[in-house]
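What follows is a set of notes on a single structure, which appears directly below.
For reference, positions follow the sequence shown, starting with 1. In listed order, ligands and their atoms are each counted from 1.
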Amino acid sequence: MNNLRNLRGTIDLLPEQLIKWQNVEKILLEQLSRASIKEIRTPLLEMTELFIRGIGEGTDVVSKEMYTFIDRGERSCTLRPEGTASVARALIQNGISSNPLQKLWYMGPMFRYERPQAGRQRQFHQLGVEFIGYESVRSDLDIIALAWDILGKLGIKELNLEINTLGDVNDRLNFQKSFLKWLENNKNSLDLDSQKRIHKNPLRILDSKNIQTKKVLENAPRLFDFLSEKSHERYSCLKRQLETLKIPFVENYNLVRGLDYYTHTAFEITSGALGSQATVCGGGRYDNLIKQMGGPNTPAIGFAIGLERLILLAGKDLEVVRNTDIYIINQGLIAESLAMNLSRKLRNYNLIVELDLSGASFSKQFKKANKLKSKSIIVIGDEEAANKEFLIRLFDRSGNENQEEIISFENDIKLEKWINNYLLAK
Ligand code: ATP
Ligand code: MG
């Protein structure tokens, strides 16, 4: 038994760590609901086929990183490595044409078989946002601003927005022809991984991390030079509007998504505070995905934020926990049952109430209340129980007693007054 451990690349989130997670999630949820974006939840497990078609065979995710297995019904299943394909499937399956414009978010675990390191796990979490049915430059701008503001709201420093455009399908076909020719001519100067991609997923070579390849690529044809006038105008418009909104950005011609259904805007937000796994948010437009998956022609744009990296970046102020409001110290048969009832009543006042269940000595229970920095304590012993009353004592910030009252169990009015006057007063 004692050799049982979690799988590599997965982690337990313990109560102390979850304080920050919950605070971050609360801010995220507030921001999303203020922007009128609705939640969608899809299964963690899907047909493998979905990701092969929805992400593409030539990608790292599909070719090397998926958790795929055959289930007892001999179906090939995969733990989702990302959310967009599932969202697209769910929308198509549930009748997208009756609701062609939707702003959606999802949050939850994703699975990728990668080499674990700081900010990179095999089970990790993403918040994703997808604007379905939106085609205009304004929707690109809105979604970039949303990602930017979410990160800003969490107090994340040293943010950099990188943008690029991939043009439309035609632009890319034109580019690909000349890029392929160039790749074949320069094959031997590329790293092995990139060489393998030439016929599988040539665009992906553009964001190779290999230094030698990067250098050689400086002389390659640029997608940018193959953009139609219309695509150029769209991209210029996005840049102008980002400037108007005072969202700083840099252009990165090598920011690509490897697949045919990605179009026009691609963006990434990195933070200088993150070290090597610097990307917190990746997003882009995917006007051809839903059609390619068998749905109606539906433009869309989205992004995903990695929550582990977000938690690493978010400030210490989000690690603060709300202290216990009332700690109920109790001992003796009747006292214990009165204490139980009182704790249930007090929780209706939106107070954090901890009922001591230890049956330990009063002094041990006092110590525990102290350790938790409880704002107040209630004491119920045999004597209090016999008199049908309890003692409630408030502490000031430095832990000194500064108010004390005896309240009868029947006197709800007095109890409420105490709560309003002292406990809920900031
Ligand atoms: P990377 O280049 O870091 O592998 P990616 O391009 O694979 O990122 P996306 O698929 O765009 O990432 O996912 C969006 C975000 O999800 C990333 O920017 C990152 O914050 C987070 N993310 C992706 N993979 C992992 C992982 N294995 N562990 C933790 N977070 C991850
Ligand atoms: Mg990756």
Side-chain angles (χ1 to χ4, degrees), residues 6-11 13 17 21 24 28 44 50-51 54-56 58-67 78-88 105-130 143-144 146-148 150-151 154 156 158-164 166 193 197 201 203-210 214 252 254-259 261-262 265-286 289 300-314:
N6 61 328
L7 288 170
R8 188 165 138 79
T10 68
I11 52 169
L13 289 170
Q17 294 158 310
W21 278 78
V24 166
L28 294 175
L44 267 59
L50 171 68
F51 302 114
I55 307 175
T59 56
D60 279 353
V61 171
V62 171
S63 64
K64 307 190 223 168
E65 297 174 358
M66 291 210 302
Y67 276 91
T78 294
L79 283 168
R80 65 177 187 194
E82 55 106 65
T84 307
S86 303
V87 170
W105 66 266
Y106 57 82
M107 187 151 61
M110 305 291 162
F111 304 84
R112 296 185 193 178
Y113 195 82
E114 299 194 71
R115 197 166 68 78
Q117 51 199 292
R120 189 177 294 285
Q121 290 163 207
R122 290 182 175 174
Q123 178 178 335
F124 63 101
H125 299 77
Q126 279 184 344
L127 161 70
V129 176
E130 317 285 357
I143 210 159
I144 294 176
L146 177 75
W148 187 257
I150 282 179
L151 298 173
L154 287 166
I156 294 173
E158 296 179 57
L159 289 177
N160 308 298
L161 167 66
E162 293 184 11
I163 60 166
N164 191 20
L166 306 176
D193 247 2
R197 285 196 168 118
N201 193 354
L203 272 188
R204 205 70 213 181
I205 297 175
L206 288 175
D207 73 351
S208 163
K209 307 274 184 296
N210 185 286
K214 270 181 154 175
N252 176 356
N254 293 331
L255 187 71
V256 288
R257 310 256 144 190
L259 295 154
Y261 54 75
Y262 283 110
T265 308
F267 66 98
E268 258 182 33
I269 303 178
T270 59
S271 169
L274 255 186
S276 58
Q277 313 305 322
T279 311
V280 241
C281 173
R285 179 162 279 289
Y286 51 95
L289 174 68
I301 181 164
F303 68 74
I305 289 178
L307 292 189
E308 278 74 11
R309 297 183 198 176
L310 199 60
I311 301 288
L312 285 174
L313 287 168

Open item on the list: Working to the nearest 0.5 angstrom, can you tell me the gap between T59 OG1 and N201 CG?
Closed with: 7.0 Å

Task: I305 side, atom CD1; L146 side, atom CG - distance, nearest 0.5 Å - done: 7.5 Å

TODO: List, ordered by chain and residue number, the protein residues whose closest non-hydrogen atom lies under 4.0 Å from any atom of ligand 1.
DONE: R112, E114, G119, R120, Q121, F124, Q126, R257, T279, V280, C281, A304, G306, R309

Quick one, [X] and [Y] - any side-chain contact, counting heavy atoms below 4.5 Å?
X    : Y    : result
L307 : L28  : yes
S208 : D193 : no
N164 : E268 : no

Task: Candidates K64, R8, R120 - the one meeting salt bridge (Lys or Arg N to Asp or Glu O under 4.0 Å) with E114 - done: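 Single pass found, and it is R120.
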
